[in-house]
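Here the structure is laid out as C-alpha cells; the discussion comes afterwards.
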2 protein chains.
Amino acid sequence: MTITQLSYVLAVAEHQNFTKAAQKCFVTQPTLSMQIQKLEDQLDILIFDRSKKPIELTEVGKKIVTQARNIVNESYRIQDIVDQEKGFIGGEFKLGIIPTIMPTLLPMFLNNFVKKYPKVKLKIEELTTEEIIARINDGHLDAAIAATPLENETIKERVLYFEPFVAYVPNNHRLRDNKKLNITDLDIDDMLLLEDGHCFREGVINLCKAFKNHTDDKFQLESGSIETLIKLSNEGLGMTLLPYLHTLDINEKSKANLHYFTEPSPAREVSLIYHKSELKMQIIEALQDVISGVIRGAIAFQNVQIVSPISKK
Amino acid sequence: MTITQLSYVLAVAEHQNFTKAAQKCFVTQPTLSMQIQKLEDQLDILIFDRSKKPIELTEVGKKIVTQARNIVNESYRIQDIVDQEKGFIGGEFKLGIIPTIMPTLLPMFLNNFVKKYPKVKLKIEELTTEEIIARINDGHLDAAIAATPLENETIKERVLYFEPFVAYVPNNHRLRDNKKLNITDLDIDDMLLLEDGHCFREGVINLCKAFKNHTDDKFQLESGSIETLIKLSNEGLGMTLLPYLHTLDINEKSKANLHYFTEPSPAREVSLIYHKSELKMQIIEALQDVISGVIRGAIAFQNVQIVSPISKK
DNA sequence: AACATCTATCAATAAAACTTATTGAATATC
DNA sequence: GATATTCAATAAGTTTTATTGATAGATGTT
C-alpha cells in the first residue's frame, strides 16, 4: 500500500470516474485502474462497485476512503512540519469567504497580504457557509472567513473581529426619527432580507426573533446582494440591516439613512475557520495577523452582543 | 514520500542504528540509507544527525517521527478495516500482562481463546504497568491486562472484572481472631509488600494510607512474588494481602489463614487496555469476550470498592 | 446498428527500489 | 602508532514497479 495508491482511490471516489480522476492525478487512466486493482488485490476486497454507473464505493470502500483521506492528509502534514521549521510561508492556499464579507474585507487586506507573503498563492472563492464547511472537511479549502460561532466539531475558529449591525432606515419609515435604535424596535415584517443561504440573513432573523416571537415565517422581499437591499429600501419597501463595513462605502446621501444601535450593539462575530487537523497553520496565522492588523484601524466598537449566524428551528 | 520510507525512518529512530534497523525492515542497510536520504532530499531537511554516535534525531526529525508513526499506524488500520469487514480474526497479537495477574488469569482463558480463535498468534509478555504503557504507546504491544484506572490519555480501558483483596494472616498475628477484617484494621508497618515496580504493591499502600496517614515510607520486608510473600508470612514476619484469584490455588493448610474483608471489600479493577487509536479492535473484543466469560464463573463478589493502582505522592 | 463513453488489458518503457560489493570515516584494540 | 572493527555512504548492476499508448470489451445512447 502506498500513499499514491490511496490518493488515487480518493480521486476516483470523488469524481466517480476513472478517466476524470486520472486527469486530476496527472496520470493516465490505465495507471489508476492498475494501481487501484493492485490495492484491491492486496487487501483482497473490492473498493469500488464497477457494475454501477457511475461507479460507486462498496461499503468497505467507504470506510477505506475515510481512512485513506486521513492518511493522505496526515502525510501532507510532514511537509507542513518542515515548512514550519524553516519559517517558510508559501505554496497554494485556498480561502473561502462568505458573500457578505467578501466585497468589504477582501480589498482591505489582500494587497497587504500578498506584499508581506509573496510566496503564498492565494486562491479565493466566494461560498456560502454551508459550502465552506463541506469544502473544509473534504480538504478543498484550507481555510475560510465566515460568521461564527458555527458549533461544528471538525472546524476550529479564530475570531478576527466583531462587526456591528447598522440599520438602514428610509425616509418614510416609522423608525425614521429614532436617532439611536434599540433591538426591540425591530420588526421582522418590515425588514428587507437577503435571500436564503446567506448567513447574514439568519443573523438578522435570529436578532428579530429574539424579541418578537413570530409565527409567520414568510418574508416579503428578499435580495441577493446588500447593494440591492439598499436600493429596495430607498424605494420605500422597508428598512434593512447592514454589516458595519458595508456602511463605509455607501454614497453620502444614503449615509444619512444609517441608524446605529444603542450599545451593546448587535454584531456578528467574523472568524478565520479551518479544519481541526490544523494543516498549513503558518499561513492561517499569517492571514490572521494581517487581517487583525487592518481591522484594528477600521472597527472601533467596544460593546457588542453577538448574534448567532445559524438558523435555529 | 512513501509509507515505506516513513517506516524506515521509524526503524532507524528506534534502533539508533541503520544496520539493525535494516534487519528489522528485512532489507539491506544501503536500502535504508538511500531511501532515508531520498526523503531528506525531497523535504530538503535532515531527519538524523549522523555526526552523533549513536545516531540521533534532529529537532525536526523528532516531529517528523511523531507524525510518521501516526501515518504508519493509520495505514495498518486499513487492513484492520478489511479484516473487520470479512469477520476475520487473526494475525499476530502482542498482549502484555502484569506479574500479579499473569499466573492466575492466563491459564484460565488462554486455552479457550486459542481454541476459539485459532488464527490469532498470541504473543504474551509479562511486563510492569509502566513498561506496558510505554510499549502500547510505541506500538510494540497491541493490548495489555493491568490494574486500572490508569488516568492515561492515550490509553483506553475496558474493565474485565473486580478482584477483591484477601488478607493472609499468619498464626501469631494480632488480627488472628478477627473473622472478617475491616480496612481500618490494616497497618502498613506489619504488612509484607511486593518489591517496587508492582502496581499491586501501590494498591496495598494506597489502601493502608487511606486510613492511617503514615510518614514513615520504609517498609520492612519486600518480595518479588506472591508465593514468596505467603512463605514469609508463614515464617511469622507479618501479614500480607493477596489478589482473590491467587487464593484459589494455595494449599489447604494456608487457606485457613485467609481472612476476607467486610463488604464493600477493597478490590482492584482489572482491565484490558489498548491504545486510543483502537487498532486490531476485533481481537481486543474477542479477548474481552473470552476473559469475561471465564471470569463470570470465578468471581462472585458484588460489593467492592476500587483501590487505585497508581502511586500517589 | 452505429456511436459514444468508460474501464480493463497488453506490451513496452521509464523509473524506482533493492542488492552486492566497496569505500571511507570514526572508534576501539593491541 | 599501526591495526582491526564498526557503521554509514557510495557505486554499479539487477529486479521490481509504475506508467504509458494502443486497443479491446462492455454498457448505454441516438
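All chains are named by letter (A, B, ...) in the order of the sequence lines, taking the proteins before the strands, and each is independently numbered beginning at 1.
A:Y117 and A:F113 have tilted rings, their planes meeting at an angle from 30° to 60° on a 0 to 90° scale.
The CD1 atom of B:I136 sits 8.5 Å away from atom CG of B:N152, with the distance rounded to the nearest 0.5 Å.
Remark: C1' of D:dA18 and CG of A:L39 are 14 Å apart, rounded to the nearest angstrom. If you measure from atom CD of A:Q29 to atom P of D:dG25, you get 16 Å, rounded to the nearest angstrom.
Among the protein residues, B:P30 comes within range of the nucleic acid bases, having at least one heavy atom under 4.0 Å from a base atom.
Taking 4.0 Å as the cut-off between side-chain N and carboxylate O, B:D80 and B:K280 do not count as a salt-bridged pair. The existence of a salt bridge linking B:E92 and B:K94 is confirmed by a sub-4.0 Å separation between a basic side-chain nitrogen and an acidic carboxylate oxygen. The residues A:E285 and A:R158 are annotated as salt-bridged, a charged nitrogen and a carboxylate oxygen being separated by less than 4.0 angstrom. The residues B:K24 and B:E14 are annotated as not salt-bridged, no charged nitrogen and carboxylate oxygen being separated by less than 4.0 angstrom. Here A:K63 pairs with B:E85 in a salt bridge; the nearest charged N to carboxylate O distance falls below 4.0 Å. Look at B:K86 and A:D44 and you find a salt bridge, because one of the NZ, NE, NH1 or NH2 atoms lies within 4.0 Å of a carboxylate O, short of that distance. The residues B:K52 and B:D49 are annotated as salt-bridged, a charged nitrogen and a carboxylate oxygen being separated by less than 4.0 angstrom.
Among pairs with a residue in residues 22-52 of chain B, none fulfils ring pair (Phe, Tyr, Trp, His ring centres under 6.0 Å), at least two apart in sequence or across chains.
Regarding contacts with the backbone of D:dT20, a side-chain N or O of A:T31 is found under 4.0 angstrom from either OP1 or OP2.
Rounded to 10°, the angle separating the first-five-pair axis and the last-five-pair axis of the helix from C:dA1-D:dT30 to C:dC30-D:dG1 equals 10°.
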Starting from the C-alpha separation in whole Å, work towards a yes-or-no answer on side-chain contact (heavy atoms from CB on, under 4.5 Å) for B:E125 and B:L95. CA-CA 6 Å; B:E125 266 187 280; B:L95 181 69; over 6 Å; no

Show the numbers, then the answer: is there a salt bridge (Lys or Arg N to Asp or Glu O under 4.0 Å) between B:K276 and B:E157? CA-CA 9 Å; B:K276 68 167 191 292; B:E157 305 175 355; over 6 Å; no

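Of the residues in residues 45-53 of chain A, those lying under 4.0 Å from DNA chain C by heavy-atom distance are A:R50. Sorted by residue number, the members of residues 1-27 of chain B with any non-hydrogen atom under 4.0 Å from DNA chain C read B:Q5, B:Y8, B:V27.
Nucleotides of DNA chain C with any atom under 4.0 Å from a heavy atom of chain B span, from 5' to 3', C:dA16 to C:dA21.
With sequence neighbours excluded, the residues satisfying side chain to side chain donor-acceptor pair (under 3.5 Å) with B:S33 are B:Q29.
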